[in-house]
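No experiment lies behind these values; they were computed from the predicted model shown. Each chain gets a letter, A, B and so on, in the order the sequences are listed, and its residues count up from 1.
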There are 2 protein chains.
Amino acid sequence: MTAKVLPLMTGNLRVVGEPASPRSARGEQTKAAIVSAALDLFKERGYEKTTMRAVADAAGVSLGNAYYYVATKEHLIQAFYDRMSEAHTEAAAGVLAREKTFARRLAGVYETFLDAAEPYHEFAGKFFKNAAEPTSPLSPFSPESAPAREASIGIFREAVRGSDVKAPAAVLAELPELLWLLHMGVVLFWVHDTSEGQQRSRMLVRHAVPLVDRLVRLTRVPGVRGVADDVIGLVRSLKG
Amino acid sequence: MTAKVLPLMTGNLRVVGEPASPRSARGEQTKAAIVSAALDLFKERGYEKTTMRAVADAAGVSLGNAYYYVATKEHLIQAFYDRMSEAHTEAAAGVLAREKTFARRLAGVYETFLDAAEPYHEFAGKFFKNAAEPTSPLSPFSPESAPAREASIGIFREAVRGSDVKAPAAVLAELPELLWLLHMGVVLFWVHDTSEGQQRSRMLVRHAVPLVDRLVRLTRVPGVRGVADDVIGLVRSLKG
DNA sequence: ATCTCCTTTTGAACGTGTTCAAGTAGATGT
DNA sequence: ACATCTACTTGAACACGTTCAAAAGGAGAT
């Protein structure tokens, strides 16, 4: 897919509707300052109450300049998400390096997410609200977040691959994506979870993981396998 | 719950942050004109491209007057939600009156939703965005929407009750709620579904319902039943 | 009629996200 | 040194959601 390109001003080429990515060290620095200022302000007063003018001021640039690097205000939230998933990926990798059984690996991935996300729980609602809109670039299903989504699915792929779990090949093939979907469910639950330290979300993970473990292994018994294959078939046709 | 109230202008009492509800026949009429104009315009040009000024113009009132009756532009979406669920409840009742098998009853409930929702697909995203924020009263999980949620679950309870489905009592007891959860999943898929006439959502329902049917019946066979009971146990503990 | 008290309506602002034409600056070639 | 090309920066403007003080109706009571 080649993006349409327009000549801009005196010559800079810019993808239609998208901001330019920095082409110099100076630009890189300016963009970093803007994103960093935004994160600070979001944390301090929340997303809605943070204005793009305040972000530009805090970054020491003009309002218009901020829009040279950032497509929309919503796109700035992506930085939060990036930071969080980076922390999660790292922590999950640590668990996957030492755990062998499927159940413990899976529990580790979900639990490290809860750990990594905890500092942001208070603002997560606001961010979640914006991510929920289908047309938003922040939606976990949007093209813009495909890289992040793929990275996340990759964690589950590794959790499956390095484990002792046994199931039909077709099931194993779709399992990472299905586990990612469950992850989205956990996130949904977590966002709504007002219990101390999000204890209920942790309970959900603690109890759901053994169930998933048993369910996956069940797909090998005749009578269940047929249903499992149909589930896989449905998932595949919906992806297409 | 008693809402805080402030004296307004020359004396009208108005709940903080909320628009006044009409206190006269004239007011009722004005509000109806505004809501109706909004729905028309949303349908004609979409939510984003409809401006509040255009709504006010079409309704034959001033911009400020529209805000006397409507808290925010997004609140106008509530009107379409109300319309939609009324239509769905009615249509679903029709299906449940004539279908007997569990699979057909269930498919009917989901499909009548897709029918009722289709005209509003474009701004469903906006509504969804609002509903996604955990603290929002519009959230399907909020206390404020408990009546609407119960009504919706009631449809599934009726779909189960009047059908031929057989499963352990514990499963049957939680089934309506679980089917409602699946309904939320269908809605999620539908909201993101950009295919012509949301064909993919219809395919999802067409294929998922027989699967659910088989899965529910499977809970009677030993070996599966244990897992099913644990699922039920988890759901119950999470509800508490 | 006039007064009083609410309710409704208005038009003019205000704040904020976003756009844009024009200007600056640093590198590169001559 | 100068010209040029391109990446970057700016400040002003625009559109639209939202707010507000003030004016206009209108239904009793006097």
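- Side chains of A/Phe156 and A/Glu177 form no contact here, defined as non-hydrogen atoms less than 4.5 Å apart.
- Distance A/Lys31 NZ to D/dT9 C1': 16 Å, rounded to the nearest Å.
- Looking only at atom types and distance, the side chain of B/Ser85 has no donor-acceptor partner in the side chain of B/His88 under 3.5 Å away.
- When rounded to the nearest whole Å, the span between OH of A/Tyr67 and P of C/dA22 equals 22 Å.
- Atom CG of B/Leu114 sits about 5.0 Å away from atom CZ of B/Arg202, to the nearest 0.5 Å.
- Rounded to an integer number of Å, the gap from A/Lys73 NZ to D/dG17 P is 16 Å.
- Residues forming a salt bridge (charged side-chain N to carboxylate O under 4.0 Å, His left out) with B/Glu111 (at least two apart in sequence, or on another chain): none.
- Note: CE (A/Met52) to P (D/dT10) measures 14 Å, nearest angstrom.
- In this structure, A/Arg26 does not reach the C/dA27 phosphate: none of its side-chain N or O atoms is under 4.0 Å from OP1 or OP2.
- The phosphate of C/dG17 (OP1 or OP2) has a side-chain N or O of A/Thr51 nearer than 4.0 angstrom.
- Here B/Thr30 reaches the OP1 or OP2 of C/dT9: one of its side-chain N or O atoms lies under 4.0 Å away.
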Practice problem: Before giving the answer on side chain to side chain contact (heavy atoms under 4.5 Å, CB included), spell out for A/Glu74 and A/Tyr47 the whole-Å C-alpha distance, their side-chain angles and the decisive distance to 0.1 Å. | Solution: CA-CA 9 Å; A/Glu74 281 196 344; A/Tyr47 176 77; 3.3 Å; yes

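- Checking the phosphate oxygens (OP1, OP2) of D/dC8, a side-chain nitrogen or oxygen of A/Ser24 falls inside 4.0 Å.
- What separates CZ of A/Arg23 from P of D/dC8 is a distance of 7 Å, to the nearest Å.
- Side-chain atoms of A/Ser142 and A/Ser145 form a donor-acceptor pair, as typed in the model, at a separation below 3.5 Å.
- Ring orientation note: the planes of B/Tyr110 and B/His183 are close to parallel, at an angle under 30° on the 30°/60° scale.
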Find every protein N or O atom lying less than 3.5 Å from an N or O atom of nucleotides 11-14 of chain D, and list the pairs.
none

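- Comparing A/Lys49 and B/Ser21 along DNA chain C, the residue whose closest nucleotide (by nearest heavy atom) sits nearer the 5' end is B/Ser21.
- D/dG17 atom C1' lies 20 Å from atom OH of B/Tyr69, rounded to whole Å.
- For C/dT8, the OP1/OP2 oxygens have a side-chain nitrogen or oxygen of B/Tyr68 closer than 4.0 Å.
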